[in-house]
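Here the structure is laid out as structure tokens; the discussion comes afterwards.
Counting starts at 1 for both ligands and their atoms, following the listed order.
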Amino acid sequence: MKTKKSIHLMWSGVLFLTLILMSCSAPKSEPSPSLKEAFEGKFLIGTALNANHYYGRDTLGIKLIRQHFNSIVAENCMKSMYLQPAEGVFFFDEADQFIRFGEENNMHIVGHTLIWHSQAPDWFFTDEKGKDVSREVMIERMRNHIHTVVGRYKGRVDGWDVVNEAILDDGSWRNTKFYEIIGEDYIKLAFQFAHEADPDAELHYNDYAMSQEGKRNSVVKMVKKLQEEGVKIDGIGMQGHMGMDYPDINEFEKSIQAFAALGVKVMITEMDITLLPFPAGETAEVSLTAAYQEQMNPYAAGLPEEVEAAFNKRYTDFFRLFLKHQDKISRVTLWGLTDNDSWRNDWPIPGRTDYPLLFDRNYQPKPVVAQLIDLTKE
Ligand code: GLA
């Protein structure tokens, strides 16, 4: 028995050593860098988190976020309707988790967004009779919201999207309740309140369709005015919700240049590229015939190769542009992690199958990820 056992032990030892030697001599494949490693020293690479990420439920997603990204923003939980659902009643549980996730993983943290007409609670603008509040009350509510939220995370949030979407594509003011009740000064006040609450945080103006000439010119004018008035503004966020034929890349470049010329940082804050057609006119009550449904949701069963190739080219064209202007761009943030998470599947028609992001529905990096990484070696 004893000898049998020692022979067995000896053979196990030989096998073990052989395995070790084999593994040492096996050719090692080059470890491919992650997105954040590839873009290190150029700009931050960010993503938008949902509750499954910061509550730790989406373990596969969390792994990818840690591997590839060094900046995060909350997709929803820091919008005013969630943070202050009723006057003076703040709900910070989710935002606290989000911030904790960022700190534990040593990430650059973006607060999104303080003043935005959408996803804002109705009470913000009205009195108990449902009538619009006075200018003074509105300003006081803005001050209280911004001071409370920014104050809570003082020193922990790197940058705030202070105002979101104040200007229309043609360059005119968006007629929000903030604008209607306070006038254009609401922008200046929002930035001042945020600065008072955390003097060290970066403060940004964020908007979509920033490649539109009218919007570009008005944003430049607005930021110049803030600067002349001595208001601190550090960055301009270009949302980057794109499609295959908009925005025009040359117009987008003009905006990067125009914004950078103001001496502020430029950020691509909410990038995704939809592959789905935009419905003409009707959205919610779309009386969807089967044929129309199919036409509006063409890739439910999968993405044809040529469409994916065009998608890859579109992403790489834009990232090449971002690299060209890396001296002006401080961060590029994707609006979500996997295609499954994206808001694009449900807007403006719910329940479609879109492919706007860099990771597929099985948490695999799409081929475009390697292509983006290769761009950094050019
Ligand atoms: C805007 C907002 C984002 C998000 C997207 C769509 O771009 O800034 O927070 O809501 O719309 O989801």
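Ligand 1 has a nitrogen or oxygen under 3.5 angstrom from a nitrogen or oxygen of Q239. Between H112 and ligand 1, an N or O atom pair is found at a separation short of 3.5 Å. Of the polar atoms of W343, none of the N or O atoms is found under 3.5 Å from an N or O of ligand 1, judged by distance alone. Distances between N or O atoms of K79 and those of ligand 1 include at least one value under 3.5 Å.
For the pair R352 and Y299, the NZ or CZ position fails the cation-pi test of under 6.0 Å to the six-membered ring centre and within 45 degrees of the ring normal. Note that R100 lies outside the cation-pi zone of Y54, set by a 6.0 Å cut-off to the ring centre and a 45° limit from the axis.
Aromatic ring centroids of F311 and Y315 lie under 6.0 Å apart. In this structure, the ring of F178 has its center less than 6.0 angstrom from the ring center of F125. A centroid separation of 6.0 Å or more is found between the aromatic rings of W347 and H241.
Annotation: atom 3 (C) of ligand 1 to nearest protein heavy atom, E270 OE1, 3.3 Å.
Less than 4.0 angstrom separates some heavy atom of E165 from each of these atoms of ligand 1: 1 (C), 7 (O). Numbered from 1 in the order shown, with element, the atoms of ligand 1 that lie under 4.0 Å from a heavy atom of Q119 read 10 (O). For ligand 1 and N164, the ligand atoms under 4.0 Å from any heavy atom of the residue are 2 (C), 8 (O).
Using a 4.0 Å cutoff on heavy atoms, W347 does not count as a contact of ligand 1.
Looking at Y208 against ligand 1, nothing comes within 4.0 Å, counting heavy atoms.
For W160 and D198, the side-chain atoms include no donor-acceptor pair closer than 3.5 Å.
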request  = Would you sort out whether K366 and D339 count as a salt bridge (charged side-chain N to carboxylate O under 4.0 Å, His left out), showing the intermediate values?
outcome  = CA-CA 10 Å; K366 298 186 190 173; D339 286 341; 2.8 Å; yes

